[in-house]
Amino acid sequence: EAGVTQFPSHSVIEKGQTVTLRCDPISGHDNLYWYRRVMGKEIKFLLHFVKESKQDESGMPNNRFLAERTGGTYSTLKVQPAELEDSGVYFCASSHLIGGNEQFFGPGTRLTVL
Amino acid sequence: GNSVTQMEGPVTLSEEAFLTINCTYTATGYPSLFWYVQYPGEGLQLLLKATKADDKGSNKGFEATYRKETTSFHLEKGSVQVSDSAVYFCALRGTSYDKVIFGPGTSLSVIP
């Protein structure tokens, strides 16, 4: 079975621009999570979808970040406008809704804001 | 709230040396505990896990035991290899569907 995929693998943008990150979870996984690691610090939770609904978005840093999961399949995370402190690696993870014990992580998107 | 603390490194070891990466946690209830690994250029992979007290997780020669009395989950390997060079993250999760809470990560370099 294919794993969690993320696109792009690396994005370099200038401050003030917009970037959209995409995550395709493992097929059949209703839980989808976004995390990020900023400045080499710990990986922090951003939000959690169950199907197309936001279950927990307590980790979203501010209203410049918008996550969507239309149709309950892939998800996008848009940063608009990007700031320097948004640079880091953004990870996506997915798990089964029933007995969803293990979260499977994608390779991450490295975002660099200049 | 829940949190994870681990030695931050970087840690540099010679091949075949013994590895210990300390991890302690703060949590209410009975969380599940994990070690994740990120090899250079790759994504996060689950290395091992333990879901209840005194459980020992093991994989690829690595081991960690869930110690509730000391709230610890130290990672150990008896003989490291160059291929073990990576960043190791200790983590916990409160419930099956809860977010994962990570420690800061420990960078390990193994030299021949």
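Letters go in sequence order (proteins before strands), and every chain restarts at 1.
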Say whether [X] and [Y] are linked into one hydrophobic cluster, either directly or through other cluster members, by side-chain heavy-atom distances under 4.5 angstrom.
X     : Y     : result
A:L32 : A:F45 : no
B:L33 : B:Y88 : yes
A:F49 : A:F65 : yes

Considering only heavy atoms, which portion of A:R110 lies under 4.5 Å from any heavy atom of chain B: side chain, backbone, both, or neither?
neither
Considering only heavy atoms, which portion of A:S9 lies under 4.5 Å from any heavy atom of chain B: side chain, backbone, both, or neither?
neither
Closest non-hydrogen atom pair, B:K99 against A:S58
NZ-OG, 4.2 Å
Please give me the minimum heavy-atom distance between A:Y35 and B:V100, naming the atom from each residue.
OH-N, 2.9 Å
Under 3.5 Å, side chain of B:Y36 to main-chain N/O of A:F105, donor-acceptor pair present?
no
Whether the side chain of A:Q103 engages the backbone of B:D98 through a donor-acceptor N/O pair (distance < 3.5 Å, no angle test) should be reported.
yes
Any idea which of B:G105, B:G103, B:G43, B:S107 has the most non-hydrogen atom pairs under 4.5 angstrom with chain A?
B:G43
In terms of heavy-atom pairs under 4.5 Å, which option from B:L46, B:V4, B:V87 contacts chain A the most?
B:L46
Flag side-chain contact, heavy atom, 4.5 Å: A:E102 against B:F34:
no
More than 12 foreign heavy atoms under 6.0 Å from [atom1] of [X]: is that the case here?
X     : atom1 : value
B:Q81 : CD    : yes
A:K44 : NZ    : no
B:Y39 : OH    : yes
A:K41 : NZ    : no

Please classify the contact of B:Q38 with chain A as side chain, backbone, both or neither, using a heavy-atom distance under 4.5 Å.
side chain
